[in-house]
Amino acid sequence: MAKDYDVIVIGAGNGGLFTGAFMAKNKLKTLVVEKHNLPGGSATSFVRGRFDFEAALHELCNLGTPENPGGIMKLFMAIQPDIEWATDMEESFRLVIPDEGIDALMPCGVREFIGKLEYYCPGSAPIMMQIVQAGMMCVQAYSFMDDPACTPEVFNEKFPDFYKYAGHSVNEVLDEFGLPPKAKAILETYWCYLGANADELDFAIYIRMVLGYLAYGAGMSKKRSHEISMALEKVIRDCGGEVWYNTEIKKVLVKDGKACGVMIGDKAYECEYVVSNAYPDAVYGKMIDKADVPEYAGKLINSRKRGLTFTTVYLGMNKSMEELGIKNYTTFISPTSDTKKLQEAATDTYEYSGYVIFNCLNKPVPDCTPEGTCQLFLTTAYFGNGWDKVTEDMYYDLKNETARKMIEDCERVLGLDLIPYIEEIVIATPMTFARYLGTPGGTPYGYQVTPVDSFIQRTLVEKDETYLKNLYFVGAASKRGDGYSSCYLSGFDAGKMILRAEREKGGLER
Ligand SMILES: Cc1cc2nc3c(=O)[nH]c(=O)nc-3n(C[C@H](O)[C@H](O)[C@H](O)COP(=O)(O)OP(=O)(O)OC[C@H]3O[C@@H](n4cnc5c(N)ncnc54)[C@H](O)[C@@H]3O)c2cc1C
């Protein structure tokens, strides 16, 4: 009997939407099911008063332009969603560590970045050039991993130096190169985007992201990430796929060790492949009958640590960024350059660590708010389970107090006057993200990146971790980890595996 769909996707976050668009574009009968009334998950926006706030996207990595496309632009060009990009960012970031006298404004462009690093840390340029060379090799090695010609033997022959860097921490490799401490602090600024400190983070993975930002510049969609989500949704529909909203999938059907459908309400929908944008914790823990969950799947979800989570303060200001004296898009304010200390200070606690990322969206998208106004977002990170201890009685005071401290830190460190000009304020905590996304502890970041468990290890054990056939996981909880770019790529990965499986068996019975 014909199945209802070829592919059913649970959740319309970045990973789910990209999978849906890629599958529908490849003519598979696709259904994407989302529990909210709009697509995107974290990739959304919301309106308060006269402000349309970006909910999550600070910057999209590896985008580039249609003329000089990075990996993500190429991915989008393949499915052609209608998105207007803001890609002409000149700055990568500003890093301010007041106690260490660091205030560095870094440009996009590899050459420009090296030049500026030399300006702040004389003597660092030749070392940085070697690091970039090593990084380029890692980037090529990663791309080759996707090549059908890639076998362990061919890989080792082509990239004999890969494991000099992969499997070693950022600090180990940068120390080996002899990069001076101040230059190290600057180069490590993006550590938080991957959710692991520089003693834990794999150099090869980190440098690939940094080069993605530097070579192609950071990007942003002009009408917030909601525009990207809506454009992907349109691709699905235009290609004959379906997207259902206000619909939560609570059960995945399994037969003979193979996912074969979902329950929506009390009706079963059969399909060939189930792709989940919901975390394995939810799928194995709640959505599949216990008898069908392989023992190791349960062990895996209990052994992995959840990724970091945030408190974000969204501010609608009744003055323009120029009037407020704001000059930069992304400023990282940190109490220390010791990323391990910083991560520890933010672990298993609900206390604010003093680390805050300050963004002003009007810099890349000047008309994102009405004239004479601007929108800011301030973000701080937490690792572990601290917010689980927050009781209802504590919640509102804690959230307001944290927001106040974050704003005051930005005012003090950046010399700004913000509080008198706040017209709208929205504060999202790990609890807000948990409620909206349904992720463990409210993480939008998947599982924690550790020296023994990140992209490389997860790729190597991918087959062993496929406990049920025809069930794929996409999004931040997949092997690629968090972030817009990784989540879109995870949808592409799952889609490619499905197409390969289809090709091998000569097409679906329709
Ligand atoms: C404040 C903040 C700032 C960030 N900044 C950046 C940044 O600058 N750059 C960057 O790259 N990344 C950033 N991120 C991270 C990025 O947003 C996430 O990693 C990414 O969006 C996660 O996408 P996902 O595919 O995992 O889906 P999610 O966003 O987790 O969405 C999953 C969707 O599935 C739905 N769903 C779940 N279960 C079910 C079910 N059973 N039935 C139906 N629907 C279901 C949910 O409702 C949700 O819509 C940020 C995140 C936050 C919160």
Side-chain angles (χ1 to χ4, degrees), residues 8-20 31-44 53-63 72 93 190 192-195 209 212-213 218-220 225 228-229 232-233 243-252 262-264 274-283 285-287 307-314 329-330 357 359 361 364 377-381 426-430 432-440 442-447 473-478 480-491 494:
I8 295 181
V9 183
I10 308 172
N14 284 334
L17 283 170
F18 199 91
T19 313
L31 168 66
V32 179
V33 183
E34 168 56 49
K35 69 180 174 189
H36 290 298
N37 60 354
L38 77 178
S42 289
T44 190
F53 286 104
E54 167 61 47
L57 183 57
H58 299 166
E59 35 205 2
L60 192 58
C61 180
N62 209 4
L63 187 65
I72 295 303
F93 58 81
Y190 284 133
C192 189
Y193 282 2
L194 286 177
M209 182 187 69
Y213 276 122
M220 182 73 206
S225 40
I228 312 179
S229 302
L232 288 172
E233 194 238 41
V243 185
W244 295 3
Y245 292 110
N246 298 316
T247 308
E248 183 171 359
I249 291 185
K250 295 199 171 148
K251 193 169 170 66
V252 173
V262 300
M263 292 296 293
I264 297 181
V274 176
V275 178
S276 177
N277 206 174
Y279 279 46
D281 305 56
V283 175
K286 287 192 264 183
M287 290 160 69
L308 64 79
T309 183
F310 301 120
T311 287
T312 298
V313 183
Y314 305 89
Y329 176 42
T330 305
I357 309 172
N359 287 86
L361 188 61
F377 28 104
L378 283 52
T379 306
T380 192
V426 177
I427 308 164
T429 69
T432 319
F433 295 121
R435 202 176 47 205
Y436 189 76
L437 300 172
T439 58
T443 179
Y445 257 54
Y447 299 113
F473 288 95
V474 295
S478 74
R480 289 191 183 266
D482 76 278
Y484 280 61
S485 305
S486 303
C487 292
Y488 298 134
L489 278 167
S490 74

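Quick caveat: nothing in here was measured; it's all calculated off a predicted structure. Numbering of ligands and ligand atoms starts at 1, following listing order.
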If you scan protein heavy atoms around atom 18 (C) of ligand 1, the nearest is Pro444 O, 3.3 Å
Protein contact of atom 38 (N) of ligand 1 - nearest heavy atom, named by residue and atom, plus distance
Ala278 CB, 3.5 Å
Under 4.0 Å, heavy atoms only, figure out whether ligand 1 is touched by the backbone of Lys35, its side chain, both or neither.
both
Heavy-atom contact under 4.0 Å between Ala55 and ligand 1?
yes
Between Ala282 and ligand 1, find which residue part has any heavy-atom pair under 4.0 Å and reply side chain, backbone, both or neither.
neither
Filtering Tyr484, Tyr279, Tyr314 for the heavy atom nearest atom 16 (C) of ligand 1 leaves Tyr484
Polar proximity ligand 1 side, Gly483 side, N/O cut 3.5 Å exclusive:
yes
Any side-chain to backbone donor/acceptor pair from Thr443 onto Leu308? Under 3.5 Å, distance only.
yes
Any nitrogen or oxygen of Gly16, main chain or side chain, under 3.5 Å from a nitrogen or oxygen of ligand 1?
no
Do any heavy atoms of Thr247 fall under 4.0 Å from ligand 1?
yes
Ring centers of His58, Phe377 separated by less than 6.0 Å
yes
Counting N and O atoms only, with roles assigned by atom type, does the side chain of Tyr279 sit under 3.5 Å from a partner on the main chain of Gly446, one being a donor and the other an acceptor?
yes
of all protein heavy atoms, closest to atom 26 (O) of ligand 1 is Ala476 N, 2.8 Å
At under 4.0 Å between heavy atoms, is it the side chain or the backbone of Phe433 that contacts ligand 1, or both, or neither?
side chain
Which part of Ile10 is near ligand 1, with near meaning a heavy atom under 4.0 Å away: side chain, backbone, both or neither?
side chain
protein heavy-atom neighbour closest to atom 4 (C) of ligand 1 works out as Ala56 O, 2.8 Å
Could you check whether Tyr447 and Asp482, counting side-chain N and O atoms only, form a donor-acceptor pair closer than 3.5 Å?
no
Does Glu59, backbone or side chain, put an N or O under 3.5 Å from an N or O of ligand 1?
yes
Going by the order shown, which atoms of ligand 1 are within less than 4.0 Å of some heavy atom of Val33?
43 (C), 44 (N)
At less than 4.0 angstrom from any non-hydrogen atom of Cys487, what atoms of ligand 1 do you find?
20 (C), 22 (C), 23 (O), 24 (P), 25 (O), 26 (O)
Check whether Thr432 reaches the backbone of Thr429 with its side chain - one donor and one acceptor, N or O, closer than 3.5 Å.
yes
Is there a polar contact, in the sense of an N or O pair closer than 3.5 Å, between Ser42 and ligand 1?
yes
In the protein, which heavy atom is nearest to atom 35 (C) of ligand 1, and how far is it?
Glu34 OE1, 3.2 Å
Under 3.5 Å, is there a donor-acceptor pair linking the side chains of Glu54 and Ser225?
yes
May I ask you to check whether Gly475 has an N/O atom sitting below 3.5 Å from an N/O atom of ligand 1?
no
Would you check whether Thr312 has a nitrogen or oxygen atom less than 3.5 angstrom from a nitrogen or oxygen atom of ligand 1?
no
Does the gap between the ring centers of Tyr213 and Tyr190 come in under 6.0 Å?
yes
If you apply the rule side chain to side chain contact (heavy atoms under 4.5 Å, CB included), what do you find for Thr44 with Leu38, and how did you get there?
CA-CA 8 Å; Thr44 190; Leu38 77 178; 3.7 Å; yes
Can you tell me if Leu437 has a non-hydrogen atom under 4.0 Å from ligand 1?
yes
So, Tyr193 and Glu59: side-chain donor and acceptor under 3.5 Å apart, yes or no?
yes
Pairing residues for Phe473 by the ring pair (Phe, Tyr, Trp, His ring centres under 6.0 Å) criterion, not counting sequence neighbours
Tyr284
Report the nearest protein non-hydrogen atom to atom 8 (O) of ligand 1: residue, atom name, distance rounded to 0.1 Å.
His58 N, 2.7 Å
Say whether Asn62 and Ser485, considering side chains only, have a donor N or O and an acceptor N or O under 3.5 Å apart.
no
Below 4.0 angstrom from a heavy atom of Gly41, which ligand 1 atoms are there? Numbered from 1 as shown, please.
29 (O), 31 (O), 48 (C), 49 (O)
Nearest to atom 25 (O) of ligand 1, what protein heavy atom do you find, and at what distance?
Gly15 N, 2.8 Å
Tell me the protein heavy atom at minimum distance from atom 36 (N) of ligand 1, and give that distance in Å.
Gly11 CA, 3.8 Å
Regarding ligand 1, does Ser485 bring an N or O atom to under 3.5 Å of one of the ligand's N or O atoms?
no
Within the 3.5 Å criterion, strictly below it, is a donor on Tyr488 or Asn14 matched to an acceptor on the partner's side chain?
yes
Would one find an N or O of Tyr445, backbone or side chain, under 3.5 Å from an N or O of ligand 1?
no
